[in-house]
Number of protein chains: 2
Amino acid sequence: MGASLDSVKSGTETEEMSADTDLRERLLQVALELIAEGGLAALSIRAVARRASVSHQAPYHYFADREQLLAALSEQGFRRLIADFERVSSHDDDDPLRRLERLGAAYLRFALRHPGQYALMFRRDVVDHHRHPALAEAGGCAFQTLVDAVTAIHAAGRLRGGAPDQLSVVIWSTVHGAASLWRDGALQTKAEELDEEGLIALVTSRLSAMIEKGNP
Amino acid sequence: MGASLDSVKSGTETEEMSADTDLRERLLQVALELIAEGGLAALSIRAVARRASVSHQAPYHYFADREQLLAALSEQGFRRLIADFERVSSHDDDDPLRRLERLGAAYLRFALRHPGQYALMFRRDVVDHHRHPALAEAGGCAFQTLVDAVTAIHAAGRLRGGAPDQLSVVIWSTVHGAASLWRDGALQTKAEELDEEGLIALVTSRLSAMIEKGNP
DNA sequence: TGACCGACCTGACAGTGTCAGGCTAGAGGA
DNA sequence: TCCTCTAGCCTGACACTGTCAGGTCGGTCA
């Protein structure tokens, strides 16, 4: 028996992926679908296996346990976030404060568009970064982008007090908090006239206000 | 059988609570212990029942399902947070900016001292506020305290731009983000010289910088 | 030809939340 | 005194989960 339909790849390209794709990749994509549909609670190894039409044990050939699959998903999220960062960084406008604002907006957009995956990236109770060096490295790289942006503001002499790495902590806290609260629906009931773009504008505008020298 | 040792209450007051206490209260306390010891993942209805020395079904007499128990725990958390807010509010110093800073510090202290319960208070995937009006009301009350504090700053003419409720969203985001990132261990690796009190000082100082008029 | 191995599979186990249906002590009315 | 009712538990089952143990099968390589 097994995966009996290799090399067939006939008419059904419409759904999911073609059958001969790496099972590992297919499992990751299916897991992402499940998270997007029903949140982290809807993600079980067996559910992933079912949707991928393999046995409930097949995923364990590629991932030692549940946490390893989640770690791979989490790392993928950080890499995509970093890619988003790079996209908005390579802007011809080189004002460091605007750059920080664009990074903040990109962060929030990523979090709001991929709420399930974003949540997973910070659920250390289910994925311990210490056990997954590649994940820890990706997360560190994302944070470093923020630190670099603040350092550039400092170098331009426009930072009001504080060390760049410490101010980065506060800035990261602000965007992470806004993203988390919005995802959890905690903000929608408080400021009803606020939509996603409004939230992004509100938060990013205060990011520079928080650290810029000589702000009115 | 059942709870066979009512009205005894002899020598064993040292551990947990006396045996004739409300089972409902005992379940909540045991649940809190489990969360404190092993996080939310360690909290199962059956584990609570085991530690409370009752059958696995006894909790369902008081809580319709798992979510109801978690909702009660979450609501208790918000009420304790509100109590902390009131404690630091009734200070003879009536500078509204200092008051906001004290609120922020109280928020962070609560989150850092009760990480499991705090996490639960914002896990809407496990506890939907819409299904638990008392919980939603407690959460709204806590947020309102922040809004009131910002409104007082506005009334004193010391707010730089923005509506109080919108600025409250940003401030809440900042403290919530800092608390969440610290709890998840995401900050410890980035700014190693930072301890809990350092984080509180760092964040609260930037809260006023974010909104105060005429800040240097 | 035979040993090996990667890529799956089936079958079991303990743990979980939850449904269904007990049991028992006490209260309230006849 | 007897009967009924109910609150406050209980036992037993179910489907679901992650995970351990041990197949099977096609290909590779000596």
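Proteins come first, then strands; the chains are lettered A, B, ... in the order of their sequence lines, and each starts at number 1. Just so you know, these numbers come straight off a predicted model, no measurement behind them.
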- Message: As a test of reading the structure: which of C:dC8, D:dG18, C:dG17 is closest to the side chain of A:R46, going by heavy atoms?
- Response: D:dG18
- Task: To the nearest Å, give me how far apart CG (B:L69) and P (C:dT18) are.
- Result: 11 Å
- For this output row, return yes or no: ring centroids of A:Y118 and A:Y107 closer than 6.0 angstrom. yes
- Task: For the side chain of A:A58, starting at C-beta, report the closest nucleotide among D:dG8, C:dT18, C:dC8.
- Result: C:dC8
- Item | Between P of C:dG15 and CD1 of B:I45, the distance in whole Å | 17 Å
- Message: Nearest whole Å is fine: how far is C:dC8 P from A:L27 CG?
- Response: 9 Å
- Task: With heavy atoms under 4.0 Å as the rule, sort B:S44 into base, sugar-phosphate or nothing.
- Result: sugar-phosphate
- Are B:E33 and B:R26 ion-paired here, with the side-chain N under 4.0 Å from a carboxylate O? no
- Message: Strictly below 4.0 Å: does A:R24 bring a side-chain N or O up to OP1 or OP2 of C:dG6?
- Response: no
- Item | Reference residue B:W182; test side-chain contact (heavy atoms from CB on, under 4.5 Å); the match among B:L108, B:L187, B:V203 | B:L187
- Answer yes when B:D22 and B:R24 have at least one side-chain N-carboxylate O distance shorter than 4.0 Å, and no when they do not. no
- Is the closest basic N to carboxylate O distance between A:R109 and A:E197 below 4.0 Å? yes
- Report yes if at least one side-chain N or O of B:Y62 is closer than 4.0 Å to OP1 or OP2 of D:dA7; otherwise report no. no
- Task: In whole angstrom, give the distance that lies between atom OH of A:Y60 and atom C1' of C:dA7.
- Result: 17 Å
- Item | Nearest-angstrom distance from the residue atom CG of B:D65 to P of D:dC16 | 18 Å
- Separation of A:R66 atom CZ from D:dC16 atom P, in whole Å? 17 Å
- To the nearest Å, how far apart are A:H61 NE2 and D:dG23 P? 18 Å
- Query: For the base of C:dG15, is there a side-chain donor-acceptor partner from B:H56 under 3.5 Å away?
  - Reply: no
- Gap between atoms CD and P, on A:Q68 and D:dG18 respectively (whole Å): 15 Å
